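Right, one structure below, let's go through it.
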Amino acid sequence: MSESPSPPSVVAHPPSAADAAGGGRALQGQLRSLRAAVAGNVLEWFDWTLYSIFSTYIAAHFFDKSDPSSALLSTLAVFAVGFLARPLGGLVFGRLADRRGRKVVLVVTITIMSVSSLVIALVPGYEQIGVWSSVVLLLARLAQGLAHGGESGVSYTYVSEIAPPKRRGLWSSSVFFAVTLGVMLATALGWFCTTFFGDDGTQEYGWRGAFIFGALLGLLVLWLRRTAEETSHFNENDSAAAVPSAAKPRLPKSQAVKIGLLVILLACGHNCAYYVWATFASSFAISQRDMDPQSAFTASLLAQAVALGMLVLWGNLSDRVGRRPMIIAMGIAAIGLYYPLSLLISDAPWTLFVAQAVGMSVWAMGAAMYPAFISELFPTHTRAAGVAVATSVSVALFGGTAPYLMTWFDDNGVAWVFWIWVGLLSSMAIVGGMIVRETKGIDLGAVTSPFRDRTDRARAARTTGSAPAPAPSGDDREVTTR
């Protein structure tokens, strides 16, 4: 009998220096792209918030000063138009991002935001050109609303697609970290102008300088974004669609609507909470609880600083325990804590700090991982548009209306009705968390239905933790250095 040949031996070679260098370059490219996205989000929300910070000065400049109340209401109406334009901007720029690339849209939107800020700063006032100054303001704010709607959704998609899969939740926390930082910077600039220029100086030139400063920062962000990379997921999807035999997949409209409604379920609670705790809490304490304005703004800034740390903490935790437990925990905490926190606020600044810090920490449980979570629900070819439109609709319906409803119910002595409304929205996050699949660490290039099925429920019943995520493949593997 002849001796059978022995199988060839397999020698495991350690990663070469070239492999390590390639991985290091890839990670550096990802980090450079992340910096560009974060810087743009800071500037976007800085420019967006400047309008509300300086609304009284804008009212005096762009509208008839003989009726200050009417002028302020007109200014706030223009602010609302910006909100209404966000869903349209999400649709237009989201579809453009799915066709031409995420990077292209991020460059365009930051350019529009910066140019619009410069226009607001330089256009002559009502006394010089009459009603045309109001028209120009409306058009500039409309352009900002369109850009804001596109920027928000597309930046969520961009950060999620460049992130290492095992760190996608942590990296996505940078989005709302940047959002909060941009709001804080705009608030701090408002404090600086009113403190050092006084009310007259701010009215004459201070508010203009703030908008010019935002426009100049846009040049830096524009340079950063032009040097950023396009995501590998878009490039792969675009290359596959360019091959005649590989037709681009289409998401059925019925399925797209279902996913969009799921996003709204998951988002409506923390969208409402953001505009209550992050942007309106200090104004509520001043107008409804007679808190000293300077003390209120100081307490609010400190509370937002606490939220920055909580965003990073919760984003990192979502990569460990999963998205579903986090969104369900946020809903439960919001139902139990938000109303008692509102009762805590009095004219003492420490009450605002405690209430706002805790309220924003609960909000951060959902917001930190939100860009990653919703990006994991849509396939690549429709991800940017789906994320942008669903997010913009949710913000317009449940975020932009929150301050008005909170004030109206409080003025009429039935503040508890508003908090029932907030609790109802928060419970929607629990419902969404119960019906959605666990998505942490999935391959963004192979997204299937986001809804749980019998297999998911059976697996969850057999295990104590969430089901293991599919192994990443291709460019979705985590890049590490050795």
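Since we're looking at a predicted model, the values are computed, not measured.
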Query raised in the report: Does any non-hydrogen side-chain atom of Phe211 lie less than 4.5 Å from one of Leu118?
Result: no
Query - Rounded distance [0.5 Å steps], CG in Leu91 versus CG in Leu96 - result: 11.0 Å
Query raised in the report: Between the side chain of Asp319 and the main-chain N/O of Leu170, is any donor-acceptor distance below 3.5 Å?
Result: yes
Query - Distance-only polar pair, side chains of Ser173 and Trp314, donor-acceptor under 3.5 Å - result: no
Query - Cationic tip of Arg141 above Tyr51 ring, under 6.0 Å, 45° of axis - result: yes
Report task. Tell me, with the steps shown, if Leu352 and Met291 meet side-chain contact (heavy atoms from CB on, under 4.5 Å). Result -> CA-CA 9 Å; Leu352 174 62; Met291 189 177 295; 3.7 Å; yes
Report summary line: Heavy-atom closest pair (Gly315 atom, Ala368 atom, distance to 0.1 Å) is N-CB, 3.6 Å
May I have the list of side-chain donor-acceptor pairs in residues 178-196 shorter than 3.5 Å, sequence neighbours left out?
| from | atom 1 | to | atom 2 | distance (Å) |
| --- | --- | --- | --- | --- |
| Thr180 | OG1 | Phe176 | O | 2.8 |
| Thr187 | OG1 | Val183 | O | 2.8 |
| Thr194 | OG1 | Gly190 | O | 2.9 |
| Thr194 | OG1 | Trp191 | O | 3.1 |
| Thr195 | OG1 | Trp191 | O | 2.7 |

Query raised in the report: In terms of side-chain geometry, is the basic nitrogen of Lys440 or Glu376 positioned less than 4.0 Å from the acidic oxygen of its partner?
Result: no
Query raised in the report: Does the side chain of Ile286 come within less than 4.5 Å of Phe297's, by heavy atoms?
Result: yes
Query raised in the report: Just wondering, are more than 12 heavy atoms of other shown residues or ligands nearer than 6.0 Å to CZ in Phe213?
Result: no
**Report entry** Heavy-atom check, side chain of Ile430 versus side chain of Ile335, under 4.5 Å
**Finding:** yes
Report summary line: For Ser392 and Gly90 the tightest heavy-atom approach is OG-CA, 4.3 Å
Report summary line: In this structure, NE2 of His270 is separated from OH of Tyr370 (nearest 0.5 Å) by 5.0 Å
Query raised in the report: What is the distance from atom CZ of Arg167 to atom OG of Ser172, rounded to the nearest 0.5 Å?
Result: 13.0 Å
Query raised in the report: How many angstroms lie between CG in Leu224 and CG in Leu220, if you round to the nearest 0.5 Å?
Result: 5.0 Å
Requested in this report: Return yes if some donor-acceptor pair links the side-chain N/O of Arg324 with the main-chain N/O of Val436 below 3.5 Å, else return no.
Outcome: yes
**Report entry** Asp410 and Phe284, any side-chain heavy atoms less than 4.5 Å apart
**Finding:** yes
Query raised in the report: Quick one: do Lys103 and Glu161 make a salt bridge, cutoff under 4.0 Å?
Result: no
Query raised in the report: Given the side-chain rings of Trp408 and Phe418, with only the six-membered ring counted for Trp, is the space between their centroids under 6.0 Å?
Result: no
**Report entry** Leu43 CG to Ser117 OG distance, which is reported to the nearest 0.5 Å
**Finding:** 7.5 Å
Query raised in the report: Is the count of non-hydrogen atoms from other residues, nucleotides or ligands lying under 6.0 Å from Arg289 atom CZ greater than 12?
Result: yes
Requested in this report: Considering non-hydrogen atoms only, spot the tightest contact between Ala285 and Ile345 and give its length.
Outcome: CB-CG2, 4.1 Å
Query - Min side-chain heavy-atom separation Val417-Val414 under 4.5 Å - result: yes
Report task. Flag the pair Met326 / Val321 as yes when at least one side-chain heavy-atom distance between them is below 4.5 Å, and no otherwise. Result -> yes
Requested in this report: Kindly give the heavy-atom pair with the smallest separation between Ser33 and Tyr158, and that separation in Å.
Outcome: CB-OH, 3.1 Å
Query raised in the report: Can you tell me how far CG of Leu377 sits from CG of Leu266, rounded to the nearest 0.5 angstrom?
Result: 6.5 Å
Report summary line: Between Ser318 and Arg323 the two heavy atoms that sit nearest each other are OG-NH1, 3.0 Å
Query raised in the report: With no hydrogens and no angle check, is any side-chain donor or acceptor of Ser155 less than 3.5 Å from a backbone partner on Glu151?
Result: yes
Requested in this report: Taking all heavy atoms of Ala385 and all of Asp98, pick out the closest pair and write down the distance.
Outcome: N-OD2, 3.0 Å
Requested in this report: Determine, stepwise, if the pair Ser152 / Glu44 fulfils side chain to side chain donor-acceptor pair (under 3.5 Å).
Outcome: CA-CA 9 Å; Ser152 295; Glu44 174 208 2; 3.3 Å; yes
